[in-house]
Protein chains: 2
Amino acid sequence: MRENIYLQIYTEYSNRIHSGQLAPGTKLPSESELAEAYKTSRETVRKALNLLFREGYINKIKGKGSFVLDMTRMDFPVTGLISFQEMSGTLGVPSRTLVEETVLEPAGSLLARQLHIAEETPVWKVIRAREIEGERIILDKDYFRSDIVPLLSKEIAAGSIYEYLETDLGLKISYAKKLISVEPSTGEDQRLLDLKQYQHIVVVRNYVYLENTVLFQYTESRHRLDKFQFVDFARRVRR
Amino acid sequence: MRENIYLQIYTEYSNRIHSGQLAPGTKLPSESELAEAYKTSRETVRKALNLLFREGYINKIKGKGSFVLDMTRMDFPVTGLISFQEMSGTLGVPSRTLVEETVLEPAGSLLARQLHIAEETPVWKVIRAREIEGERIILDKDYFRSDIVPLLSKEIAAGSIYEYLETDLGLKISYAKKLISVEPSTGEDQRLLDLKQYQHIVVVRNYVYLENTVLFQYTESRHRLDKFQFVDFARRVRR
DNA sequence: AAGTGGTCTAGACCACGTA
DNA sequence: ACGTGGTCTAGACCACTTC
């Protein structure tokens, strides 16, 4: 039996909405009609529609139907940082990554507390500056537990570390917590970034957990004030 | 027939996890066991567990079971601003709201663009300063479409506007988009807040939509740099 | 009354983890 | 082999909207 019918329906419709093929306001076929069209049950269709709903692609109104929302007003991505990854993905913005450091060293007291490990545990430390349109704007400081990530080369750091972790190491990332705050900039910030006159810097602390709830990565992403933007889309939960 | 069994299960377990009655790491009963215990079907139980999963209360591992996550490490709320509402809710932090202005006036060009309405349309404007531990730290500027919110008194503004909108006016809030950025502070900020030496201010723009996808409220929440913090919990979506 | 989405049922088969 | 969660089915009844 083919599986993940609901993901297939979700993907097809999210693509059509993304591409503009389905204009905002368009009414989707009813759940029963979709079930028939995909030769599946209504509950399976509902799973797909609920995904689209949760991510802001459509709105569902009882008694009326499901309607395409205006994603263009939402900018992108629906939730997350408008930062290096996204900026460099968008058309024609020249950007590059400067790997400043890739070392294996003992965690130390501060980091040991962040990662909930012993101070002596060796930890991979990767420091990268992100240059966008000729300006070094973001400083990424990544720390990985070395018992989980045995090797990290400069080459890997220059590319996508996440791809390496998921496809090569087979790690299953489950969830992450972000903490955003504004803090005075450090000497390191001033040395590695083009900070202009700004005395403060936006710090995004990221705690990444594996499926087995092990916290294996801690990241500090330090953004120049004027280039920082964060988007959050939230459905209101009724209880 | 009793309805919303899944919400009942969700509420019971989220409460137990919140209160610490269910310690982190605890294994929940299996889905079949829960279905039997609540005299319902497995799919209904799964609906409840998926809610708990999405909100970071539990982790689900195929073949093993569902496990309580450590919420205390997560601070609170799971996603959102650590700001006035939350701060004032926590024990013993003295705080109050100063209503600076409650007027009905034409939208004007800037606001007309934000709310997607005509410039002449009257709009309720509510300006409130939030004082925490004797310092005015947050400036909330709320704008409501007057065709949807007919009346807004100073008394309502001093309390919870959302409660008024939902219970008294029966408005159904569906979703909201937040945009966070850092900007130079204005004269108004300096006049109404205790800004200290800070030249910049964290601006949280909030766009609130009703169930029928009408954008009816635009809010600017302006936070003093050093008192701003935002938390985001995100499950990694696998596609 | 007809059509829509919201909830629920009582099964089924599969993939994964543990023993 | 067994228990676990992940997906799916083919129905059912309900609440809401529209006609």
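Letters A, B, ... mirror the listed sequences (proteins, then strands); counts begin at 1.
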Under 30°, 30 to 60°, or over 60°: which ring-plane class applies to F144(A) and F216(A), parallel, tilted or perpendicular?
tilted

Starting at atom [atom1] of [X], determine the distance to atom [atom2] of [N], rounded to an integer number of angstrom.
{"X": "R54(A)", "N": "dG5(C)", "atom1": "CZ", "atom2": "P", "answer": "18 Å"}
{"X": "K39(B)", "N": "dC8(C)", "atom1": "NZ", "atom2": "C1'", "answer": "16 Å"}
{"X": "K27(B)", "N": "dT18(C)", "atom1": "NZ", "atom2": "P", "answer": "12 Å"}
{"X": "F53(A)", "N": "dG6(C)", "atom1": "CZ", "atom2": "C1'", "answer": "12 Å"}
{"X": "Y38(B)", "N": "dT7(C)", "atom1": "OH", "atom2": "P", "answer": "18 Å"}
{"X": "K47(A)", "N": "dG5(C)", "atom1": "NZ", "atom2": "P", "answer": "18 Å"}
{"X": "R46(A)", "N": "dG11(D)", "atom1": "CZ", "atom2": "P", "answer": "18 Å"}
{"X": "N50(B)", "N": "dG5(D)", "atom1": "CG", "atom2": "P", "answer": "11 Å"}

I'd like to know if E12(A) and R16(A) make a salt bridge, using a cut-off of under 4.0 Å between side-chain N and carboxylate O.
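Yes, E12(A) and R16(A) are salt-bridged.
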
So does Y6(A) get a side-chain nitrogen or oxygen closer than 4.0 Å to the phosphate oxygens (OP1/OP2) of dT7(D)?
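Indeed, a polar side-chain atom of Y6(A) lies that close.
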
When you measure from the side-chain N and O atoms of T40(A) to the phosphate of dT9(D), is any distance below 4.0 Å, counting only OP1 and OP2?
yes

Could you list the protein-to-nucleotides 16-19 of chain D atom pairs, N/O on both sides, closer than 3.5 Å?
residue : atom : partner : partner atom : Å
dT18(D) : OP1  : K64(A)  : NZ           : 3.4

Looking at E105(A), I'd like to know if its CD atom is crowded, meaning that more than 12 non-hydrogen atoms belonging to other residues, nucleotides or ligands lie closer than 6.0 Å.
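Yes - once you tally the heavy atoms of other residues, nucleotides and ligands closer than 6.0 Å, there are more than 12.
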
Between W124(B) (side chain only) and S153(B) (backbone N and O only), is there a donor and an acceptor less than 3.5 Å apart?
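No: the side chain of W124(B) does not pair with the backbone of S153(B).
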
Could you walk me through whether Q114(A) and Y207(A) pass side chain to side chain donor-acceptor pair (under 3.5 Å), step by step?
CA-CA 8 Å; Q114(A) 299 277 28; Y207(A) 300 82; 2.7 Å; yes

Using ring centroids (six-membered ring only for Trp), state whether Y13(A) and Y57(A) fall under 6.0 Å.
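So the answer is no for these two rings.
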
Specify the residues of residues 28-36 of chain B, ordered by number, for which at least one heavy atom lies under 4.0 angstrom from an atom of DNA chain C.
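Going residue by residue through residues 28-36 of chain B, none turns out to have a heavy atom under 4.0 Å of DNA chain C.
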
Judged by nearest nucleotide, the residue sitting upstream toward the 5' end of DNA chain C, E43(A) or S66(A), is S66(A)

With respect to the side chain of N4(B), which nucleotide from dT7(C), dT4(C), dC8(D) is positioned closest?
dT7(C)

So I180(B) and F228(B), do their side chains get closer than 4.5 Å, heavy atoms only?
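Counting from C-beta outward, F228(B) and I180(B) do come under 4.5 Å.
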
